[in-house]
A.B. asks: 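Here's a structure for you.
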Amino acid sequence: AADGKSMLFEKFIIKGGTPLRGEVRISGAKNAAVAIIPAAILAEDKCILENVPSISDVDVALEILSSMGAQIRRLSKSKIEVDTSRIKDGTVPYELARSTRGSSYFLGALLGRFKKASVPLPGGCDLGSRPIDQHIKCFEALGAKADIKHGIVDLSADRLIGTQIYFDKVTVGGTINALLACAKAEGLTIIENAAKEPHIVDLANFLNSMGADIMGAGTDVIKVKGVSQLHGTEYSVIPDQIEAGTFMVAAAATCGDITLKNVIPKHLEPITAKLRKIGVYVEIEDDTDNVRVVGRPHYEGTDIKTSPHPGFPTDMQPQMTTLLAMSNGTSMVTESIFDTRFKYVDELRRMGADITVDSRVAVVRGVDHLTGAPVKASDLRAGAALIIAGLAAQGTTEIEDIHHIERGYENMEIKLRALGADIVKRYYPWICSMEKAAFRIHDDVNQKYDHVLPYGFHLKMTVSYVSRYGYLVAE
């Protein structure tokens with residue numbers, strides 16, 4: 001452990017080859033929660049949110065609210081009370097905004113309540129160009145003025161007037177911001193070419209529970225009749241279809257047999273269809289919210305093209321590509337949403353995968369098995385794919401940069417261990433150097449270290465284990 005600010009980074013160590021078996025409860029949807037939390041600003045009241053996932057992106061969203069004056073009270077692990085009545089300022093701190101893509105939703109929520117907002121351009125996973133031009137187009141159509149300088153988006157409006165908004169392309173974030181901005185606008189707003197993802201519907205349902213008048217969410221045309229006032233509510237976030245899909249693929253990859261609880265089977269249909277096509281057994285249990293997935297020794301390759309809902313979700317592309325890498329024949333995976341979603345492929349190649357990438361198309365030639373290797377998670381879903389690869393591989397896999405994974409998966413290693421996986425979280429120290437300051441650790445087991453590091457960090461630790469890959473596990 002480190003004194004003061006933590007200097008020990010985390011990683012997963014996975015010994016592969018164990019089939020996953022048992023039951024797993026799926027947490028609340030990350031993509032819904034990070035939109036619903038900013039939406040609570042519009043209530044100017046207390047909202048109680050249930051089934052909220054315990055993930056870092058949610059923590060950041062709550063910290064942003066708290067920094068603006070909201071009162072946050074955790075009633076249980078997955079139940080939170082948010083009181084936004086005391087928020088007076090429409091400014092989001094730079095450091096917090098840069099750590100999550102969901103910070104952009106504060107633009108619509110703050111504009112909808114205060115008729116002004118100041119939010120740094122968002123961060124999140126590096127998946128290539130993710131412009132907010134469609135968001136700005138929406139705000140300006142409602143009557144706001146937008147100014148982007150020094151990485152800060154400033155919005156202001158005397159009034160927000162309902163209008164017709166047409167998105168040039170389907171945009172999930174743009175649709176969310178449109179709903180937030182026009183919920184309290186004057187008159188009727190019609191949003192055309194709207195995104196149809198389940199978390200869009202969940203946000204609309206949440207806003208309606210606060211007194212909004214939104215119709216058509218889940219279709220490509222959404223109509224919003226602005227209301228003058230919203231109120232507090234109690235609402236439960238939908239289950240996370242991407243977490244569910246990740247566990248489904250993990251079960252298939254390990255030839256396991258698991259039952260997913262707290263899911264909405266309809267939300268999983270694009271994933272279920274592809275899994276069944278390659279030979280995975282998927283059973284939707286009658287009159288329940290349970291889905292059973294049974295893996296088999298061999299699968300047949302298939303082609304996948306990501307597209308907006310109800311198409312195959314881009315957030316499941318890395319996980320599915322990993323499974324296809326261990327399937328018979330040649331598969332083609334086309335990524336139509338993000339420019340650089342295939343960065344994880346280099347890591348899979350370390351494990352023996354035979355994948356060739358040309359721009360947005362990956363040609364996947366199935367191999368008999370993958371082998372464990374030291375790898376790095378480049379983003380959230382890439383990390384999930386590497387976990388699946390490690391669970392199915394022969395030998396030991398060590399995954400670095402797991403903070404990406406913890407942005408969107410609640411207690412991933414704990415849930416996997418409950419299913420029989422051999423996965424642990426370990427810690428290793430940050431090794432840094434500057435012009436006149438350097439920190440170096442030797443591989444002496446049980447050696448005690450007490451060092452002052454650059455930037456005022458102080459590290460005390462005892463080396464308890466040196467992995468065969470050269471990383472240290474410290475206490």
Side-chain angles (χ1 to χ4, degrees), residues 26-66 68 70-85 87 92 96-97 100-113 117 119 122 124 135 172-184 194-214 217-218 222 224 230-243 262 264 267 309 407-408 410:
I26 301 304
S27 301
K30 163 194 171 291
N31 290 333
V34 297
I36 286 172
I37 289 170
I41 291 173
L42 296 169
E44 304 181 44
D45 197 356
K46 290 182 180 179
C47 293
I48 296 177
L49 307 178
E50 300 184 59
N51 201 35
V52 178
S54 181
I55 55 177
S56 60
D57 270 15
V58 163
D59 292 341
V60 171
L62 293 172
E63 192 172 350
I64 290 173
L65 278 184
S66 180
M68 294 189 293
Q71 303 295 308
I72 311 295
R73 193 160 66 100
R74 189 170 289 276
L75 305 178
S76 69
K77 181 181 178 182
S78 61
K79 189 174 183 178
I80 298 170
E81 180 185 85
V82 178
D83 184 353
T84 61
S85 61
I87 294 180
V92 171
L96 294 175
T100 175
R101 183 70 182 173
S103 61
S104 65
Y105 303 146
F106 284 88
L107 284 167
L110 291 169
L111 181 65
R113 175 168 168 179
V119 180
H135 305 228
V172 172
T175 302
I176 288 173
N177 260 326
L179 289 173
L180 295 172
C182 69
K184 297 175 71 174
K196 297 179 281 190
E197 272 67 11
H199 50 282
I200 298 286
V201 179
D202 206 35
L203 172 63
N205 289 339
F206 173 69
L207 291 170
N208 283 341
S209 75
M210 295 196 300
D213 188 351
I214 302 173
I222 303 176
V224 184
L230 296 176
H231 54 74
T233 188
E234 186 166 344
Y235 191 82
S236 182
V237 177
I238 59 171
D240 195 317
Q241 88 215 64
I242 305 302
E243 184 193 12
N262 187 42
I264 300 175
H267 293 173
H309 191 80
R407 286 186 47 234
E410 178 181 324

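Each residue takes its place number in the sequence, starting with 1.
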A.B. asks: I'd like to know whether I238 forms a side chain to side chain contact (heavy atoms under 4.5 Å, CB included) with H267, so could you lay out the CA-CA distance, the side-chain angles of the two residues, the decisive distance to 0.1 Å, and finally the verdict.
C.D. replies: CA-CA 10 Å; I238 59 171; H267 293 173; 4.1 Å; yes
A.B. asks: Can you measure from CD1 (I87) to OG (S66) and round to the nearest 0.5 angstrom?
C.D. replies: 9.5 Å
A.B. asks: Side-chain contact test, heavy atoms from C-beta onward, threshold under 4.5 Å: evaluate it for L203 versus T175 and give yes or no.
C.D. replies: no
A.B. asks: Partners of S236 by side-chain contact (heavy atoms from CB on, under 4.5 Å), sequence neighbours excluded?
C.D. replies: E50, N51
A.B. asks: Which heavy atom in Q241 sits nearest to a heavy atom in P198, and how many Å separate them?
C.D. replies: OE1-CG, 3.5 Å
A.B. asks: Can you give me the closest heavy-atom contact between H135 and S104, atom names plus distance?
C.D. replies: CE1-OG, 4.3 Å
A.B. asks: Give the minimum heavy-atom separation between V92 and F106, together with the two atoms involved.
C.D. replies: CG2-CB, 3.8 Å
A.B. asks: Nearest heavy-atom pair of V52 and E410: which atoms, and what distance?
C.D. replies: O-OE1, 4.4 Å
A.B. asks: If you define the side chain from C-beta out and look only at heavy atoms, does anything of I264 sit under 4.5 Å from P239?
C.D. replies: yes
A.B. asks: Start with the C-alpha distance between I176 and H199, add both sets of side-chain angles, then the distance that settles side chain to side chain contact (heavy atoms under 4.5 Å, CB included), and finish with yes or no.
C.D. replies: CA-CA 9 Å; I176 288 173; H199 50 282; 4.2 Å; yes
A.B. asks: Do R407 and V60 have side chains that approach each other closer than 4.5 Å (heavy atoms only, starting at C-beta)?
C.D. replies: no
A.B. asks: Which residues pass the ring-ring contact (aromatic ring centres under 6.0 Å, His included) test with F206, sequence neighbours left out?
C.D. replies: Y235
A.B. asks: Keeping the roles fixed (side chain from T84, backbone from A40), state whether a donor-acceptor pair exists under 3.5 Å.
C.D. replies: yes
A.B. asks: Sub-3.5 Å donor-acceptor pair from the side chain of N177 to the main-chain atoms of G108, do we have one?
C.D. replies: yes
A.B. asks: State, yes or no, whether a side-chain contact exists between I200 and H309 at a heavy-atom distance under 4.5 Å.
C.D. replies: no
A.B. asks: Just verifying a value: how many Å separate M210 CE and C47 SG, rounded to the nearest 0.5 Å?
C.D. replies: 5.5 Å
A.B. asks: Which value, rounded to the nearest 0.5 Å, describes the distance between K79 atom NZ and R73 atom CZ?
C.D. replies: 10.0 Å
A.B. asks: Check N208 against A212 and note the closest heavy-atom contact, atom names and distance.
C.D. replies: OD1-O, 2.9 Å
A.B. asks: Find the distance between OG (S54) and CD1 (I80) and round it off to the nearest 0.5 Å.
C.D. replies: 8.0 Å
A.B. asks: If we only count heavy atoms from C-beta on, is the I37 to V58 side-chain gap below 4.5 Å?
C.D. replies: yes
A.B. asks: Locate the shortest heavy-atom distance separating A33 from P38; write the atom from each residue and the value.
C.D. replies: O-CD, 4.4 Å
A.B. asks: Would you say that I64 contacts S103 through its side chain, given a criterion of any heavy-atom pair below 4.5 Å between the two side chains?
C.D. replies: yes
A.B. asks: Distance check, rounded to the nearest 0.5 Å: L62 atom CG versus L96 atom CG?
C.D. replies: 11.0 Å
A.B. asks: Could you measure the distance from the CG atom of L75 to the CD atom of E81? Nearest 0.5 Å is fine.
C.D. replies: 5.5 Å
A.B. asks: State, with a plain yes or no, whether a side-chain heavy atom of L230 is found less than 4.5 Å away from one of D45.
C.D. replies: no
A.B. asks: Would you indicate whether the side-chain heavy atoms of E197 and N31 approach each other to under 4.5 Å?
C.D. replies: no
